[in-house]
Peer 1: 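Once you've had a glance at the structure underneath, I'll fire off some questions.
Quantities reported herein were computed from a predicted structural model and do not represent experimental measurements. Numbered from 1 within each chain, the chains take letters A, B, ... in sequence-line order.
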Amino acid sequence: MAELPVDAALTEGRVPDRSPEEIPELHEVDCPPELHEYIEAAMGRYPDRKSASLPALWAVQRRYGWCTPEGIRQAAAVMRVTPGYLESVASFYDLFHTEPVGTHKIAVCTNISCWMRGGDELLKAFCEATGCDPDEARHGTTSPDGDLHVTRFECLGACDLAPMASIDERYFGPLEAADAATAIEQLRSGEDVLPGKALEKRPLAGDTEGGADA
Amino acid sequence: MPETRVLLKHAEDPELRTLAGYRGYGGYETLERAYRTMEADEVLKELEDSGLRGRGGAGFSMGKKASFLPRGDMQKYLCCNADESEPGAFKDRELMMRNPHQLIEGIAIAALAADATLAFIFIRGEYDLVADILDTAVAEAYEAGYLGKDILGSRRDLELVVHRGAGAYICGEETALLDSLEGKRGNPRLKPPFPAVQGLYGGPTLINNVETLSNVPRIVARGAEWFRGFGTEQSPGTKVVSVSGCVRRPGNYEVELGVPIRELIYDLAGGPLEGREVKAFYPGGSSSPVLTPADLDLPYSFEAMAEARSMLGSGSIIVADDSISIPHMALRTAQFYHHESCGKCTPCREGTNWTVKMLERVVRGEGTPMDLDIIASVQENIIGHCLCVLGDAMAMPVGAMVRKFREEFEQAIAAAGEAPRPIAAVQGAPETMGASA
Amino acid sequence: MSREVTIVIDGREVSAHEGEMLHDAAKRGDVEIPVFCYEPKLGDPVGACRMCLVEIEGIPKLQTSCSTPVRDGMVVHTRTDQVKSAQNAVVEFLLVNHPLDCPVCDKGGECPLQDISMGWGPGKSRVIDEKRHFEKPLPLSPLVAIDRERCILCYRCVRFSQEVSEDAQLQLLERGDRTYVGTFDDRPYISPFHGNITDLCPVGALTNYTYRFRARPWDIEQAGSVCTLCPSQCNVSFTVRDEQVKRVLARDNPDVDDGWLCDRGRYGFSMFSASERIDGPRLKGGAATDWETAIARAADGLKAAGAASAALVGDASNEEGYLVQRVMREAVGSPNVDSLTSVFGPRRETFLRLADPGLSARVRDIDQADLILVLGTDPLHSSPIVDLRIRKAMRRNGARLAVATDRPTALDGGAVAATRYEPGGAADFLEELSKALEADADNQASAIAEAARGAERVVIVWGEQLVQPKASAVDQLVVISDHLKLGEQEGSGLLEVPVTANSRGLREAGCLPDAGPGLSEAEPGRTTWTLPAAIERGEVTSLVLFGVDPLRDFPKTEKWRAALAAVDHLVVFSTFENATTAMADVVFPLETHAEKDGTVTHPDGRLQRVRPSASRPGDIRPNWGVLAELSLALGHDTGVDSQPSAFAALCEAVPFYAGLTDAEIGGRGVRWQEREAASALPTPPANEAPVVAELMKVSGEPPEGPFQLGTYRDLWAGPITELNPALRFLAPQQRVEISVADAERLGVKTGDKATVAQNGTSLQARVAVRERMQDGVCFLIGGTAENNANSLADAWPVATRVDIAKVEGS
């Protein structure tokens, strides 16, 4: 009978490359006091401490730019949950980044209404302006200088601004291809981004005389 | 045709979002009366009698839903669903940005009716600016004594927490919202048990949409009869309708329910763009089966849309003109649901994946004649078999598009040059790697 | 008890319990509804896979039968066109992305996906698109491979990790069809229970590295037995190919293991064929010999010593223990028989009181307890399955937990009260608890007493830390039981976690210095701990060690080494070669629990059957036979010439086992307390002061040092990891656990090397800083291969003192 392949587990034993991750104890992580306080306060607002997962992850992301493994461990130590739990939660949601994403985040809507009004072209324009690869931008990619993250996104709830983009969590639209280049320049130089196209400035649709033709 | 502004009344005034501005227009008077003089049952009756139907998509009677909560001393909760992520819907954004106190007052009064003492506003994470505005308004309300302990000496408490989501359409589904609020992944739960009985943290929970709750103060102030004066018998009240797509003036318009759709699209939203004609439209967001120009004169109400085998949903109209390729629109729609599927149940997870792969081939010119029938069959296999309605939300519109625009699909397939290469790259799929030892 | 209701399934009336899930009611009515994600052992149904959709009259949409409770008069259809179309749809959807791996997949042949596809699938594929890809297979842990392409996302494994073992290491990542099962930062999944996910997985996504490509289901035989690697005595099923054990599966006994296995039992089988295995009798110096010579040599030495012989029994079945004590008492004429069960102290009277059926809790009682009190042990290390059971009771049934131990336990996080006492302080603690319960005194046990107040059903799980030089420690347990009225309340009681797997059985078979079979009176003999001194004085000249390794497992290693060297005649029965067998005059091989034929008694009194599943390697003979031969050689005919006759002899000698038959024990075991013969348990002598055992004398200066030392037996310390290559990575290096404050004072952090010293002896250990440790106390592992704490410990588990110093440059 032919010799069956024998796994190393049976002969010498396989060896793990790292240690497992259980609930970290506070003295094992170096949690910045402000982060610790914020998460404790967040936990206090809910009857169940675990509800603070999203606020805690937001705090980690705000502090470190993205949900770093170390940041997740710090939050896990404060919340007394496993880092795996928080990583599982973070990876479910589109706005939490489990990889480094740079300083500025640009989300271009390519859902139905925006797609009808040129969302795909707008995404290409942002890619050109930042040097990002358009194929990569479909799931999100960072510019070569590491500073700008461009991604296509689903409906952001601003179809009246179609085609639009959310830049550093503020909505701008309707945008033309040239606006993309302008916005990137403004981001890079620290100026206000596209002040004329910000959502806050837009009146109620029914109040515009003759309509704000797109 | 002008709008019927009720919820959007005074919304053009930037002061409306401040406590002082809101009170200047009579805001919080109803809360004061309700908390000082009314019983929960009274408020509940008014809401039930008004016939107010949920404005978030399901269209279920709000008062009846609130009455499902059991009586008793146990902790009860109220959740405001501000997760507005349905493609084409942006009305809640408008309401919260311009009139946050109307929502807060509505929440407080609804909480009184349901005997809930802890309320949450679950707002989608992308609405960062809106959440900031809400935070400010909630703080103002606390300071004024409209929230907190022993409100206005009524011995009733109400804590209100603004909770920001993190980007997942599925969290608009009420049980997925609850899971997300509990700090978990946003997976829907089995129903029954329903949230009214076993909801947040296992306790009785009332979940309502922003617009639904924004209606509450005026209903309690002016009465059910007054509310029924607007709209139709089965769809009373006004509706803030989001119109977008190939129209000249996309935006939010508040109208009485029952107005002809044509008025919304052509009069208020300015009609199609220069030189274009309406080809199809989603009457109730991307989850609704598309309707054609033949349906433009239907009244915009829950019952009329249901009769037309579509739905009113959240009240969001997306218009496609004759420059839009329907197969491509179907693909874009399917891609959305594929991206947003939580993955918990088999038919939705695999059905959205498979549908996208097939539509991508069709759009790319690699469709086969069997694909159309398989696509239609897959939608049938999804409908009614999933854990929540997200699967149906893709299957119904895609199925309708294939049915109503079958010729266009067949043309796309006939135009396919070479034989299909079965390599479909699904958006978001991890890179193919070779098998390791 | 819920009432019976009648439902109609496919036209037939079926009786069901009100509130039970439709799927379960259907099963009992012989109607099969296919499922993937439904597993009641994992908690509430999820309704995720949608495979179990059925038609219920009155409800327009199809419902998942796993999550629908039955109601009287419910009419169900499982074979209509609508249902069949739904089932076809779900199978088709599952196979859209499932790889066609069957020819190379270990699960083939025992795969629910294959079976359900055949039974309820459309039979043809319509997919021409490329399937979803993942890198595969990857090591989820050194023992389990994960193939994410095969995964059908039934969530059983993540639910196990989160709701059964509660380690929450295994998680879902990403969303939608990109979802996959993984760990934080791709770390390995290491937990003592993680092997269960390979049993749970309905496809070949999770496979054991130890079983990959080893056999197809049609090549193998399955044989049921009991694992005796720890007191949990889980029911197992051995997968045997060519008469060798290739795999261990759980055999699901709700009264013992609830269907789970720990990784010790699951992966600890390759040692059955380790090179260290003793495969035949041998004499000192290593010379293999024949059985006659060996037995004759052993008998001669014992005969010569006569009453100056002693026997220690550790790892043995009931029959083996019974025969050893019979050899000693009747053949050799020595009263010195002991088993590791009575480390110090508890004597016959105490054991009789503890054996009272009224005081005895069943494992199942943990499920329904109002309060579970864990005293003096960390079940995760001493009896892992009990840890899972306690977690289940807390999570599903709202049981409250109170813990009182010297060392922080894995259960502390969920306890309403977790109290520490100093190592060796268990007896004092129990006295305080007694006072606190009786008179509401305010002392270190108050928190525990408070937790116990008002609880109706109380189960006390107690273990090794309670067994003390002061016999009063375990006697106090009886007093506390009275306070809590454990004997009067149905569902309350004591559950012991003894030191060895069959401690209870050995006790009841007569391996006690002051009790014979059936806990009958016997001429008092010497206890284990008095032996080194007795050997030194020349009062004991011949020693039989049956399944015991004093040089690894007993404190005061050097004392024992000297004793074993000094004794004239040393006979050792052992499965593996070790330091003790190296010193023996005659070595006899022992069978493993995969080869043995016999019975063992679970700590809750359940007799279970160990059945031979694999063949004995080399020249190994059944243990009962060897002992019977030895007895004959010593001039005493036991009349035992087969396993059944050994069992019969045992049952005759133990009155409360009277009349037990193989059939009665069957595959699930039977508790002797639930039989008529239970009344034959001797009554404990009334109102006698407990006999305090002679202590193991402490010689020399009492040690000094700033730290009080406690030792514990880590789950993975010992031959289990050293002799099983698959488990080798778990072999613990010695570590010294100290509190955060002490670590700061010493200037050390986790991972630093340190020396732990006591009166001139010292050992090396890595520092492990832990939050819930008391200041001034440290813990070391007993039983490691190197730097064994037993070389230090003065008289484990009594407290002793040490000094800790950082090793510079580490």
Side-chain angles (χ1 to χ4, degrees), chain A residues 1-30 49-50 53 67-99 138-140 154, chain C residues 139 141-145 158 161-162 166-176 178-191 194 207-215 241-242 246 267 270 410 413 721 724-731 739-740 743-744 749-750 769-772:
Chain A
M1 191 181 61
E3 268 298 304
L4 295 167
V6 182
D7 193 275
L10 277 177
T11 48
E12 317 100 41
R14 286 173 162 259
V15 176
D17 54 353
R18 284 185 293 165
S19 55
E21 190 60 63
E22 299 167 303
I23 300 179
E25 304 193 336
L26 270 168
H27 62 90
E28 291 170 353
V29 301
D30 207 358
R49 292 157 57 99
K50 250 190 177 162
S53 297
C67 293
T68 62
E70 203 37 54
I72 288 180
R73 289 185 74 234
Q74 288 166 11
V78 176
M79 289 185 68
R80 317 285 315 131
V81 296
T82 56
Y85 178 79
L86 288 179
E87 188 182 1
S88 165
V89 172
S91 66
F92 183 85
Y93 297 97
D94 291 328
L95 294 175
F96 287 139
H97 302 282
T98 47
E99 278 169 358
R138 292 190 333 157
H139 359 277
E154 298 297 345
Chain C
S141 80
L143 293 161
V144 175
V158 290
S161 172
Q162 280 159 43
E166 294 190 344
D167 51 67
Q169 286 182 41
L170 203 58
Q171 299 282 346
L172 292 171
L173 296 158
E174 299 300 320
R175 183 177 77 204
R178 286 85 58 209
T179 311
Y180 63 94
V181 170
T183 54
F184 175 70
D185 206 21
D186 284 326
R187 300 288 186 102
Y189 179 22
I190 298 183
S191 128
H194 84 299
T207 47
N208 293 310
Y209 274 119
T210 51
Y211 194 61
R212 276 172 77 81
F213 308 131
R214 304 311 295 151
R241 181 177 189 178
D242 299 332
K246 297 291 183 216
Y267 298 109
S270 22
T721 43
N724 283 302
L727 293 172
R728 214 162 268 162
F729 72 97
L730 288 164
S739 72
V740 177
E744 263 185 60
K749 55 185 198 313
T750 300
V769 182
R770 293 191 63 184
E771 246 168 21
R772 283 182 265 108

Peer 1: Return yes if some donor-acceptor pair links the side-chain N/O of R728(C) with the main-chain N/O of V15(A) below 3.5 Å, else return no.
Peer 2: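 Checking the backbone N and O of V15(A) against the side chain of R728(C), no donor-acceptor pair under 3.5 Å is found.
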Peer 1: For chain C, find its close neighbours in residues 87-98 of chain A: heavy-atom separation under 4.5 Å, sorted by number, or none.
Peer 2: E87(A), S88(A), S91(A), F92(A), Y93(A), D94(A)
Peer 1: Can you say whether D167(C) sits under 4.5 Å from chain A via the side chain, the backbone, both, or neither, judging by heavy atoms?
Peer 2: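 Looking at D167(C), just its backbone touches chain A.
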Peer 1: So which atom in P188(C) and which in S19(A) form the shortest heavy-atom distance, rounded to 0.1 Å?
Peer 2: CD-O, 3.8 Å
Peer 1: Is there a side-chain contact between T183(C) and E21(A) in this structure, where contact means two heavy atoms from C-beta onward sitting under 4.5 Å apart?
Peer 2: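 With C-beta onward as the side chain, the pair stays apart.
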Peer 1: For L86(A), is it the side chain, the backbone, both or neither that has a heavy atom under 4.5 Å from a heavy atom of chain C?
Peer 2: neither
Peer 1: Could you tell me whether the side chain of E771(C) and the main chain of E25(A) form a donor-acceptor pair under 3.5 Å?
Peer 2: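 Not confirmed, E771(C) side chain does not pair with E25(A) backbone.
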Peer 1: Can you find a pair of side-chain heavy atoms, one from I190(C) and one from P16(A), that are under 4.5 Å apart?
Peer 2: yes
Peer 1: For chain A, which of L170(C), L143(C), L173(C) has the most heavy-atom pairs under 4.5 Å?
Peer 2: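 Of L170(C), L143(C), L173(C), L173(C) has the most heavy-atom pairs under 4.5 Å with chain A.
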Peer 1: Which bit of V81(A) is near chain C, if near means a heavy-atom gap under 4.5 Å: side chain, backbone, both or neither?
Peer 2: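 Contact with chain C: none, neither part.
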Peer 1: Please determine, among G13(A), A8(A), P20(A), P69(A), the option with the most heavy-atom pairs under 4.5 Å with chain C.
Peer 2: P20(A)
Peer 1: Step through the shown structure and confirm whether more than 12 heavy atoms of other residues, nucleotides or ligands are within 6.0 Å of CG on D30(A).
Peer 2: no
Peer 1: Check whether D186(C) gets within reach of chain A through its side chain, its backbone, both or neither, counting any heavy atom under 4.5 Å.
Peer 2: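 Backbone plus side chain of D186(C), per the 4.5 Å heavy-atom cut-off to chain A.
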Peer 1: Give me the atom names and distance for the closest heavy-atom approach of T210(C) to L10(A).
Peer 2: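 Where T210(C) meets L10(A) most closely, the heavy atoms are O-CD1, 3.4 Å.
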Peer 1: Cation over ring, R14(A) on Y209(C), under 6.0 Å and within 45°?
Peer 2: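 Relative to the ring axis of Y209(C), which defines the angle, R14(A) lies inside both limits.
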Peer 1: Are D185(C) and R18(A) ion-paired here, with the side-chain N under 4.0 Å from a carboxylate O?
Peer 2: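 Looking at D185(C) and R18(A), the cut-off is met.
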Peer 1: Answer yes or no: is there a donor N or O on one side and an acceptor on the other, between the side chain of T82(A) and the main chain of Q169(C), under 3.5 Å?
Peer 2: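 Not a single qualifying donor-acceptor pair exists.
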Peer 1: Do V769(C) and E28(A) pass the side chain to side chain contact (heavy atoms under 4.5 Å, CB included) test, and can you show the C-alpha distance, the side-chain angles, and the key distance before you say yes or no?
Peer 2: CA-CA 9 Å; V769(C) 182; E28(A) 291 170 353; over 6 Å; no
